[in-house]
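Have a look at the structure below, then the notes.
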Amino acid sequence: MLQKKEFYNQSALKVAQDLLGCFLMRRIGNEIIRTKIVETEAYEGLRDLASHASRGKTPRNAVMFGEPGLYYVYFTYGMHHMLNVVTGPKDHPAAVLIRAVEPIDELDLKTNGPARLTKALQIDKKFNEFPAFSKKSELWIESGEKIKKSEIISAKRIGIDYAGEYKDKLWRFYIKDNKFVSKK
DNA sequence: CTCGGGATTGAG
DNA sequence: TCAATCCCGAGC
């Protein structure tokens, strides 16, 4: 079942946890690659210094201020694409970064990290502003396994040491003991 | 230790 | 138009 647009119209913290266990689906030609989301991070609002939206609306981050359920894909460090899904109501800038997925069919895909998964699934900036709630995107999200609260670990987010008081927020979530989580 | 890789951004 | 920025592996 596709996750509906309303699923994303909640706080990033809620969506980040609810996305664990969901299926991230990618169609390339006639092939459909199925993966399960195992690690996410929440970027919530204008005050979160780790978020691209913390300095206001710019051409790059404009999609974060728009409708929930759209992808925010950006290129960084001169080499990496990052896949996010916009959350919350319109005009509230927030998103969830998908950090790692578990491949279901092609077990040798390297998807244990935000840059690795976009490379493995051939995700680039053309997906920016595409909807996660439509198969027309050729990249969509379906409901999946229900993950128990006791299986969800909260941790500090990765690579945001510049974010002041926000760098220690436990806004990274992953499935306990899952081998495809990017770090321990 | 320094540099490169690149899009993004704000300053000049 | 330019310089700073983000991270980190390669090269000195």
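For clarity, every value in this text was computed on a predicted model and none was experimentally measured. Note on naming: letters A, B, ... go to the chains in the order of the sequence lines (proteins, then strands), and numbering restarts at 1 for each one.
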### Message
Students often mix this up, so state it plainly: with edges at 30° and 60°, are the rings of A:H52 and A:Y72 parallel, tilted or perpendicular?
### Response
perpendicular
Detail all sub-3.5 Å separations between protein N/O atoms and N/O atoms belonging to nucleotides 6-12 of chain B.
from: B:dG6; atom 1: OP1; to: A:G78; atom 2: O; distance (Å): 2.8
from: B:dG6; atom 1: O5'; to: A:G78; atom 2: O; distance (Å): 3.1
from: B:dG6; atom 1: N2; to: A:Y77; atom 2: N; distance (Å): 3.4
from: B:dT8; atom 1: OP1; to: A:K125; atom 2: NZ; distance (Å): 2.9
from: B:dT8; atom 1: O3'; to: A:R60; atom 2: NE; distance (Å): 3.4
from: B:dT9; atom 1: OP1; to: A:T58; atom 2: OG1; distance (Å): 2.2

### Query
Along DNA chain C, 5' to 3', what are the outermost nucleotides having an atom less than 4.0 Å from a heavy atom of chain A?
C:dC6 to C:dC7
### Query
Is A:R157 close enough and on-axis enough to A:Y43, meaning under 6.0 Å and within 45°, for cation-pi?
yes
#### Entry: Student check: side-chain heavy atoms of A:L117 and A:H81 closer than 4.5 Å
no
### Task
Could you tell me whether the side chain of A:Q17 reaches within less than 4.5 Å of the side chain of A:I147, counting heavy atoms only?
no
### Task
Kindly indicate whether the side chain of A:L13, heavy atoms from C-beta on, has any atom under 4.5 Å from the side chain of A:F173.
yes
### Task
Answer yes or no on whether A:K4 is positioned over the face of A:F7, meaning its NZ or CZ is under 6.0 Å from the six-membered ring centre and within 45° of the axis.
no
### Task
Can you tell me which residue pairs pass the side-chain hydrogen bond (donor to acceptor under 3.5 Å, both in side chains) test with a partner in residues 87-106 of chain A, sequence neighbours excluded?
A:R34-A:D105, A:E39-A:R99, A:E44-A:H92, A:R99-A:S182, A:E102-A:N178
